[in-house]
Amino acid sequence: MCGRIEKSILDKDAPYAAIAASKEFSQVTHENTVKWETSEPQPGVFDFTHNMKVRGHTLVWHSQLAPWVTANNYCGGVEGRPRMTTLVTHFKGRVSQWDVVNEAFNEDGTFRESTWYKTFGEDYIEWAFRWARKADPKAKLYINDYNFEGASPKTEAVTNLVRKLKAKGVPIDSIGVHGHLIVGSLSDSIEETWRTWSGDLGVGVAVTELDIRLSLPETEENLQQQTGDYTTVVKACMNVKRCHEITFWQFTPGESLEKKPAYYAIAKALQK
């Protein structure tokens with residue numbers, strides 16, 4: 001399994017650090033370390049402070065841009081390629097996969113009006129994947145978003161985009177599904193949607209940020225529902241040929257380090 005960790009807490013919380021470094025996880029995602037405001041806080045000045053096996057998250061996103069980017073009416077075609085090339089090249093051979101483009105769509109399937117889209121139209125997506133592949137030909141490249149868990153205008157939009165880009169030879173390897181869900185509210189078309197991507201599009205599928213939140217206080221009933229929901233998502237992934245990874249989000253210190261019923265259900269499902 002994979003997990004998202006709080007890097008700032010690793011040196012302060014020994015129990016948390018011990019679990020993060022244990023066999024509970026085979027790979028981690030740094031939630032913020034590689035985002036623009038942190039990795040390149042000033043033009044051409046990069047901050048590389050970690051040395052762990054990680055998923056690369058994320059190269060192109062509409063949020064958490066460095067102040068100099070937004071202050072200077074940034075033109076991504078000028079600076080975007082050097083930034084991407086620097087990051088991917090630096091981690092070449094150590095980061096095996098990158099969330100290249102994150103959250104490109106609105107809920108209705110239209111493109112998000114990000115800095116990149118308003119400046120370049122949808123071409124920025126193609127450019128980003130081509131630049132990332134050139135920087136590290138072996139890394140797996142993802143288009144990643146939330147509400148990709150079932151049939152919707154949004155999942156239809158990414159299906160059409162990936163089909164079009166792959167026809168042009170754009171190197172999109174996988175579709176990343178955030179998986180930020182609410183207990184008792186799962187789509188009934190999760191597996192069907194992922195099978196379309198795996199079968200019809202021929203791309204991989206990965207659950208990249210899975211958390212299924214419940215309303216407090218915890219009760220036997222909502223913990224049971226949460227357990228069932230996690231099991232449903234895990235089994236859906238296991239039933240889809242090219243669904244190859246699940247990353248669990250919000251592994252944070254405190255009471256959340258206690259193993260909940262869902263933990264044991266997930267472990268059981270993975271063993272089958």
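In what follows, residues are counted from 1 in the order of the sequence shown.
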Quiz item: Is the distance between the ring centroids of F148 and W194 less than 6.0 Å?
Solution: no
Quiz item: Do F129 and W98 have their ring centres less than 6.0 Å from each other?
Solution: no
Practice problem: Using a strict 4.0 Å threshold on nitrogen-to-oxygen distance, state whether E122 and K164 make a salt bridge. | Solution: yes
Self-check item: Verdict with reasoning, T231 to I266, per side chain to side chain contact (heavy atoms under 4.5 Å, CB included)
Solution: CA-CA 6 Å; T231 301; I266 290 166; 5.6 Å; no
Practice problem: Flag yes if W131 and Y142 sit in one hydrophobic cluster, no otherwise; membership is Ile, Leu, Val, Met, Phe, Trp, Tyr, and two members link when side-chain heavy atoms are under 4.5 Å apart. | Solution: no
Quiz item: Taking NZ, NE, NH1 and NH2 as the nitrogens, is one of them in E107 or K154 under 4.0 Å from a carboxylate oxygen of the other?
Solution: yes
Quiz prompt | For G93 against D136, the heavy-atom pair lying closest together | solution = N-OD2, 3.6 Å
Quiz item: For the hydrophobic clusters of this structure (ILVMFWY residues joined by side-chain heavy atoms under 4.5 Å, transitively), does one cluster hold both L216 and I182?
Solution: no
Quiz item: Passes side chain to side chain contact (heavy atoms under 4.5 Å, CB included), V162 versus W197? Steps please.
Solution: CA-CA 9 Å; V162 171; W197 296 340; over 6 Å; no
Quiz item: F248 and M238: same hydrophobic cluster, using ILVMFWY side-chain contacts below 4.5 Å?
Solution: yes
Self-check item: Side-chain heavy-atom pair Y124, V101 within 4.5 angstrom cut-off
Solution: yes
Quiz item: Which heavy atom of W249 sits nearest a heavy atom of E209, and at what distance?
Solution: CB-O, 3.3 Å
Practice problem: Nearest 0.5 Å please: distance from the CD atom of E103 over to the CG atom of N106. | Solution: 10.5 Å
Quiz item: Do V177 and T208 come close enough that some side-chain heavy atom pair is under 4.5 Å?
Solution: no
Quiz item: Between atom CD1 of I172 and atom CG of L141, what is the distance when rounded to the nearest 0.5 Å?
Solution: 8.5 Å
Quiz item: Under a 4.5 Å cut-off applied to non-hydrogen side-chain atoms, are L210 and T247 in contact?
Solution: no
Quiz item: With side chains defined as the heavy atoms from C-beta onward, is the minimum distance between L201 and I175 less than 4.5 Å?
Solution: yes
Practice problem: Side-chain contact test, heavy atoms from C-beta onward, threshold under 4.5 Å: evaluate it for F105 versus I143 and give yes or no. | Solution: yes
Exercise. Over all heavy atoms of both residues, which pair between A206 and H244 is shortest? Give the atoms and the distance, please.
Key: CB-CE1, 4.0 Å
Quiz item: Taking it one step at a time, do E191 and V240 satisfy side chain to side chain contact (heavy atoms under 4.5 Å, CB included)?
Solution: CA-CA 7 Å; E191 189 173 323; V240 173; 4.0 Å; yes
Self-check item: N/O donor-acceptor pair under 3.5 Å between W116 side chain and W61 backbone
Solution: yes
Self-check item: Lys/Arg-Asp/Glu bridge criterion (N-O < 4.0 Å) met for R55, E245
Solution: yes
Quiz item: Does NZ in K140 sit with more than 12 non-hydrogen atoms of other residues, nucleotides or ligands closer than 6.0 Å?
Solution: no
Quiz prompt | Other residues, nucleotides, ligands: >12 heavy atoms within 6.0 Å of K166 NZ | solution = yes
Quiz prompt | Heavy-atom closest pair, residues S189 and A151 | solution = OG-N, 2.9 Å
Practice problem: Examine distances only and state if a side-chain atom of T155 and a backbone atom of G150 form a donor-acceptor pair shorter than 3.5 Å. | Solution: yes
Exercise. Indicate, with yes or no, if Y146 and V205 share a hydrophobic cluster defined by side-chain heavy-atom contacts under 4.5 Å among Ile, Leu, Val, Met, Phe, Trp and Tyr.
Key: no
Quiz item: Closest approach of A132 and V88, non-hydrogen atoms and distance?
Solution: O-CG1, 3.9 Å
Practice problem: Return yes if a side-chain donor-acceptor contact under 3.5 Å exists between N222 and Q226, otherwise no. | Solution: no
Self-check item: Flag side-chain contact, heavy atom, 4.5 Å: D200 against R195
Solution: no
Quiz item: Out of curiosity, N160 CG to E156 CD, how far, rounded to the nearest 0.5 Å?
Solution: 5.5 Å
Quiz item: Does D211 reach the main-chain N or O of R213 with its side chain, forming a donor-acceptor pair under 3.5 Å?
Solution: no
Quiz item: Where does the angle between the aromatic ring planes of H178 and H180 fall among parallel (under 30°), tilted (30 to 60°) and perpendicular (over 60°)?
Solution: perpendicular
Quiz item: More than 12 heavy atoms of other residues, nucleotides or ligands under 6.0 Å from CD of E220: is that the case?
Solution: no
Quiz item: L65 and T115: side chain to side chain contact (heavy atoms under 4.5 Å, CB included), yes or no, with the steps?
Solution: CA-CA 10 Å; L65 299 172; T115 297; 4.3 Å; yes
Exercise. State, with a plain yes or no, whether a side-chain heavy atom of D229 is found less than 4.5 Å away from one of L181.
Key: no
Practice problem: With rounding to the nearest 0.5 Å, note down the distance linking CG in N144 to CG in N102. | Solution: 5.0 Å
Quiz item: Hey, is R133 close enough to D173 for a salt bridge, meaning N to O under 4.0 Å?
Solution: yes
Practice problem: Nearest 0.5 Å please: distance from the NZ atom of K235 over to the CG atom of L270. | Solution: 11.0 Å
Exercise. Using modelled atom types only, decide if a donor and an acceptor are shared between the side chain of T58 and the backbone of D99 within a distance under 3.5 Å.
Key: yes
Quiz item: Is the backbone of T86 close enough, under 3.5 Å, to the side chain of T89 for a donor and an acceptor to pair up by distance?
Solution: no
Exercise. Heavy atoms only: give me the nearest M84-A128 pair and the separation to one decimal.
Key: SD-O, 3.2 Å
Exercise. Can you establish whether the number of heavy atoms outside E221 located under 6.0 Å from its atom CD is more than 12?
Key: no
Quiz item: Do S114 side-chain atoms and H62 backbone N/O form a donor-acceptor pair below 3.5 Å?
Solution: no
Practice problem: Kindly compute the distance separating NZ (K118) from CZ (F111), expressed to the nearest 0.5 Å. | Solution: 15.5 Å
Self-check item: Y263 side chain near Y230 side chain, heavy-atom distance below 4.5 Å
Solution: no
